[in-house]
2 protein chains.
Amino acid sequence: MTTSTETLGVESLPAAFAALGDDTRWELLQRLGTAPASATTLAADRPISRQAVARHLEVLREAGLVETEIHGREVRYRAIGSRLSALARDLDLLAQGWERRLRTIKAAAEG
Amino acid sequence: MTTSTETLGVESLPAAFAALGDDTRWELLQRLGTAPASATTLAADRPISRQAVARHLEVLREAGLVETEIHGREVRYRAIGSRLSALARDLDLLAQGWERRLRTIKAAAEG
DNA sequence: TTGACGTGCAATGCAATGGTTGCACCAGTG
DNA sequence: CACTGGTGCAACCATTGCATTGCACGTCAA
């Protein structure tokens with residue numbers, strides 16, 4: 001479970017995608033990929049409230065895409081790159097399987 | 001735009017994820033990765049109506065994840081593996097960048 | 001041509017989601 | 001201690017999204 005070749009498991013993929021499928025959340029995640037930050041900090045240069053940001057961060061955390069780090073009285077969030085890598089790996093594996101199978105079917109249909 | 005190394009562009013990623021972030025849609029997509037099928041066929045062995053399935057398929061089509069193929073009076077949908085591959089590639093690139101940057105920051109903070 | 005099947009479109013109901021504000025609480029700092 | 005700043009929790013509202021049913025249209029087969 002700690003190797004770099006681990007996968008998320010097909011069951012959890014939709015959940016992860018649901019977390020990534022919101023513009024604000026995606027923007028926040030990208031921002032956290034730059035450097036860790038707190039909900040208050042993130043909300044500062046954004047048109048939405050601190051609570052709204054915190055809610056998004058919680059969703060990302062539940063999806064395993066972000067981790068928290070206590071720093072005094074503030075909670076800093078950081079993106080977990082390895083999770084995204086695992087996601088990418090799973091996707092690619094699926095895609096390859098489909099491509100192969102469907103190519104076979106298509107060839108059979110045309111032949 | 002037709003090579004196997006193309007990417008989707010960061011802007012369209014959340015949209016694609018939103019399409020993938022629904023359980024029913026994900027299940028349908030996996031089913032289409034097995035073999036092409038029509039909305040009616042797909043709805044047959046599923047607890048939801050044909051119209052609901054059709055709506056999901058439309059979402060997937062708009063996200064560029066499936067393509068249609070007219071066969072007589074029926075519309076068959078097939079999964080587009082290359083799209084998923086492109087998505088995987090984009091994700092992996094982002095993840096790598098984050099991992100590298102955040103590692104640097106973390107090292108600086110601990111040192 | 002008639003009947004049956006596959007689609008598409010529209011109106012509707014209900015649940016989930018994303019946003020807000022207000023308040024209470026804890027942890028550092030003067 | 002008093003104050004300030006960052007969190008967390010709760011109530012509430014508006015919008016979106018998923019599913020439904022009903023109907024109309026086109027197309028293939030008997």
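Numbers restart at 1 for each chain; the letters A, B, ... are given by sequence-line order, proteins then strands. Side chains included, hydrogens not; waters and symmetry mates left out as well; all remaining heavy atoms used.
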Report the distance from atom [atom1] of [X] to atom [atom2] of [N], rounded to the nearest whole Å.
| X | N | atom1 | atom2 | value |
| --- | --- | --- | --- | --- |
| B:Glu58 | C:dA10 | CD | P | 13 Å |
| A:Glu27 | C:dG18 | CD | C1' | 15 Å |
| A:Leu28 | C:dG19 | CG | C1' | 14 Å |
| B:Tyr77 | C:dG6 | OH | P | 14 Å |

Between A:Val75 and A:Leu42, is there shared hydrophobic-cluster membership here, with clusters defined by ILVMFWY side-chain heavy atoms closer than 4.5 Å?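 Shared cluster, yes.
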Verify the cluster assignment for B:Ile48 and B:Leu28: are they in a single hydrophobic cluster under the rule of side-chain heavy atoms below 4.5 Å apart?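 Yes, it is one cluster - the side chains of B:Ile48 and B:Leu28 are joined through contacts under 4.5 Å.
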Give me the ring orientation class for B:Phe17 and A:Phe17: parallel if the planes are under 30° apart, tilted from 30 to 60°, perpendicular past 60°.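 It falls in the parallel class, under 30°.
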A:Arg25, nearest nucleotide to its side chain (from C:dG18, C:dG19, C:dG8):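 Of all the options, the side chain of A:Arg25 is nearest to C:dG18.
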If you only use heavy atoms from C-beta on, which nucleotide in C:dT21, C:dG8, C:dT7 is closest to the side chain of A:Gln51?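 Closest nucleotide among those given: C:dT21.
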Distance (rounded to the nearest 0.5 Å) between [X] [atom1] and [Y] [atom2]:
| X | Y | atom1 | atom2 | value |
| --- | --- | --- | --- | --- |
| A:Arg78 | A:Thr34 | CZ | OG1 | 12.5 Å |
| B:Leu13 | B:Leu91 | CG | CG | 6.5 Å |
| A:Asp22 | A:Leu60 | CG | CG | 9.0 Å |

Would a 4.5 Å heavy-atom cut-off, applied to side chains only, mark B:Leu32 and B:Leu57 as touching?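 B:Leu32 reaches B:Leu57 side chain to side chain.
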Could you check whether any side-chain heavy atom of A:Leu29 comes within less than 4.5 Å of a side-chain heavy atom of A:Arg25, counting everything from C-beta outward?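 Result no, sub-4.5 Å side-chain heavy-atom pair not found.
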Residue met sooner reading DNA chain D from 5', once B:Ser49 and A:Arg50 are mapped to nucleotides: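 This one resolves to A:Arg50.
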Quick check for you: name the first and last nucleotides of DNA chain D, 5' to 3', having an atom under 4.0 Å from a heavy atom of chain B.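 Extent of the interface on DNA chain D: D:dC18 to D:dC28.
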Name every residue in residues 66-74 of chain A that has at least one heavy atom under 4.0 Å from any atom of DNA chain D, in order of residue number, or write none if there are no such residues.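 Contacts with DNA chain D under 4.0 Å: A:Arg73, A:Glu74.
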If you look at every strand shown and take non-hydrogen atoms under 4.0 Å, does A:Arg55 touch a base, only sugar-phosphate, or nothing?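 Touches nothing.
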Give one of base, sugar-phosphate or nothing for A:Arg76, where a contact means two heavy atoms less than 4.0 Å apart.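 Touches nothing.
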Suppose we screen for ring-ring contact (aromatic ring centres under 6.0 Å, His included). Which residues come up paired with B:Tyr77, at least two apart in sequence or across chains?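 Scan of B:Tyr77 (ring-ring contact (aromatic ring centres under 6.0 Å, His included), adjacent residues dropped) gives none.
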